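None of the values given here were measured: they were computed from a predicted structure.
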Amino acid sequence: MLTPIRNQSRPIGMFDSGFGGLTVARAVIDLLPDQDLVYFGDTGRYPYGPRPQEEVRAFSLQIARYLRRKYRIKLLVVACNTASAAALAALRRELDIPVVGVIDPGLRAATTVTRTGRVGVIGTVGTIGSGAYEQALTAMTGTGGANGVPTGPGDAPGTRLSTAACPGLVEFVERGETGGESVTLLVRRLLAPLIEARVDTLLLGCTHYPYLARVLSDVMGREVVLVSSADETAFEVRDLLVEDRNPGRVGRHTFVSSGDSGVFETIGRRLFGAELVGAVEHRWDTETWD
Ligand code: DGL
């Protein structure tokens, strides 16, 4: 159990491989407008999905150290499922501040919403291959839950997960392409097994996917509820900051990118909105990874 943070006028730190975590940033900013936030998009090294877990873990630790040192963050939000699956435990071991991931919050939201217990989870190859959602469901219910295996009584009685890796979707979002024929064709092919499994809830297990919500919903059908981890993650952050609020204050938001900051600002504004201004460029030093 994490201890609430008190009286620290330091920013919340948040990171993703690129633009996906902005969906979580939006929810956190809307819920906690008084808080300062530093968002790091590792666009110089995206995508994380196809990379080995150890590499994603190393990247995550580098970003966390950088945010801690340079911005003195008080809390870290891992706004990326791939990084949450690969690095949450390592980050919690190393950092002396609370670390919030997106897998448990998303799963909590999905198990609350489902009526039939048939939940589809889509994510990157790294996230789905890691089995992180099945493990999280097991931890939540105390029993199994992997593809098709019913769980026992618990917080999510009878929830069954059908998972599907969706290589290629993140790349569309990183280009700012959130609709159109090519993405629709790909989504149709990738989601076919979940339609077959007759899921009633689709958990967007990659923070980039809410930007594709219209296409995903069109393909799954209106009766399937789409769930993202963003709001539930923001609630978890709020709970940690209950004693660290400053009503009426307007928080400052800083956006840092390890790739071209001009591109980050242009595509980021399209996805996130006009408040994304003055993106800072942080190129990794390839010797010190600082
Ligand atoms: N937004 C990320 C996630 O939630 C990552 C994607 C990627 O870089 O492949 O998994």
Side-chain angles (χ1 to χ4, degrees), residues 13-24 39-69 76-95 99-107 120-139 145-147 161-175 186 189-190 193 203-209 211-212 229 233 256-260 264 282-290:
M14 184 180 285
F15 77 91
D16 177 48
S17 62
F19 299 112
L22 292 174
T23 56
V24 183
Y39 180 92
F40 190 100
D42 202 6
T43 48
R45 304 190 293 193
Y46 115 96
Y48 282 6
R51 294 181 187 273
Q53 298 248 299
E54 310 79 70
E55 191 173 27
V56 174
R57 196 172 306 130
F59 288 179
S60 304
L61 287 165
Q62 286 156 8
I63 297 168
R65 287 172 196 143
Y66 169 75
L67 289 174
R68 188 89 177 99
R69 208 196 52 259
L76 179 67
V77 181
V78 184
C80 171
N81 292 259
T82 313
S84 294
L88 199 63
L91 288 164
R92 285 185 172 149
R93 263 196 311 274
E94 174 166 318
L95 298 179
V99 182
V100 175
V102 284
I103 289 178
D104 284 343
L107 192 60
V121 185
I122 53 174
T124 65
V125 169
T127 301
I128 298 303
S130 73
Y133 277 97
E134 289 88 346
Q135 287 159 25
L137 184 63
T138 302
N147 281 325
L161 302 182
S162 301
T163 58
C166 295
L169 292 191
V170 165
E171 285 78 353
F172 277 101
V173 178
E174 289 289 316
R175 287 198 297 270
L186 181 60
R189 183 165 63 73
L190 294 168
L203 172 52
L204 311 186
C206 170
T207 52
H208 281 71
Y209 297 170
Y211 289 122
L212 301 172
S229 57
T233 303
V256 187
S257 148
S258 64
D260 185 301
F264 188 83
H282 173 73
R283 294 286 183 176
W284 292 112
D285 177 325
T286 51
E287 286 205 348
T288 60
W289 293 108
D290 191 28

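A donor-acceptor contact shorter than 3.5 Å links the side chain of Arg92 to the backbone of Val99.
Looking at every heavy atom in both residues, Ala64 comes nearest to Leu95 through CB-CD1, 3.9 Å. Pairing each heavy atom of Thr207 with each of Ala79, the nearest pair is OG1-O, 2.9 Å. Closest non-hydrogen pair, Ser258 versus Gly44, comes out as OG-N, 2.9 Å. The two atoms that bring Val102 and Ser84 nearest to each other are N-OG, 3.3 Å, heavy atoms only. Nearest heavy-atom pair, Gln53 versus Ala86, reported as atom, atom and distance to 0.1 Å: O-CB, 3.7 Å.
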Pair Ile63-Arg45, side chain to side chain contact (heavy atoms under 4.5 Å, CB included): steps then yes or no | CA-CA 12 Å; Ile63 297 168; Arg45 304 190 293 193; 4.2 Å; yes

Going through the distances and angles, do Tyr209 and Thr23 end up as a side chain to side chain contact (heavy atoms under 4.5 Å, CB included)?
-> CA-CA 9 Å; Tyr209 297 170; Thr23 56; over 6 Å; no

Stepwise side chain to side chain contact (heavy atoms under 4.5 Å, CB included) test for Thr124 and Asn81 | CA-CA 8 Å; Thr124 65; Asn81 292 259; over 6 Å; no

Side chain to side chain contact (heavy atoms under 4.5 Å, CB included) assessment of Phe15 paired with Val77 | CA-CA 7 Å; Phe15 77 91; Val77 181; over 6 Å; no

Start with the C-alpha gap between Tyr48 and Asp16, add the side-chain angles, then the distance that decides, and say whether side chain to side chain donor-acceptor pair (under 3.5 Å) holds.
-> CA-CA 9 Å; Tyr48 282 6; Asp16 177 48; over 6 Å; no

Step-by-step side chain to side chain donor-acceptor pair (under 3.5 Å) determination, Ser17 to Asp42 = CA-CA 4 Å; Ser17 62; Asp42 202 6; over 6 Å; no

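Contact of the Tyr211 side chain with the Leu22 side chain is registered, since non-hydrogen atoms from C-beta on lie closer than 4.5 Å. Between Phe40 and Leu67 the shortest side-chain heavy-atom distance falls below 4.5 Å. Between Glu134 and Thr163, the closest side-chain pair of non-hydrogen atoms falls below 4.5 Å. Counting heavy atoms from C-beta on, the side chains of Val100 and Leu76 never come closer than 4.5 Å.
Tested against Pro47, the residues Glu171, His208, Glu174 include a single side chain to side chain contact (heavy atoms under 4.5 Å, CB included) partner, Glu171.
Note that the CZ atom of Arg65 and the CG atom of Leu91 stand 9.0 Å from one another [nearest 0.5 Å]. Between Asp285 atom CG and Arg283 atom CZ the span is 13.0 Å, to the nearest 0.5 Å. Rounding to the nearest 0.5 angstrom, the gap separating the OH atom in Tyr133 from the CG atom in Leu161 is 10.0 Å. Residue Cys80 holds its SG atom at 11.0 Å from CG of Leu88, rounded to the nearest 0.5 Å. Atom CD1 of Ile122 is separated from atom SG of Cys166 by 4.5 Å, given to the nearest 0.5 angstrom. Summarising the geometry, atom OG belonging to Ser60 is positioned 10.5 Å from atom CD belonging to Glu55; distances are rounded to the nearest 0.5 Å.
Applying the side chain to side chain contact (heavy atoms under 4.5 Å, CB included) rule to Ser257 yields the partners Thr43, Phe264; only residues at least two apart in sequence or on another chain are considered. For Thr286, the side chain to side chain contact (heavy atoms under 4.5 Å, CB included) partners are Trp289, not counting sequence neighbours. In this view, Pro167 and Val125, Ala165, Leu190 satisfy the side chain to side chain contact (heavy atoms under 4.5 Å, CB included) rule, not counting sequence neighbours.
The existence of a salt bridge linking Arg69 and Asp290 is confirmed by a sub-4.0 Å separation between a basic side-chain nitrogen and an acidic carboxylate oxygen.
Arg51 forms no cation-pi arrangement with Phe59, by the criterion of a distance under 6.0 Å to the ring centre and an angle within 45° of the ring axis.
Note: Trp284 and Tyr66 have perpendicular aromatic rings, judged against thresholds of 30 and 60 degrees for the angle between ring planes.
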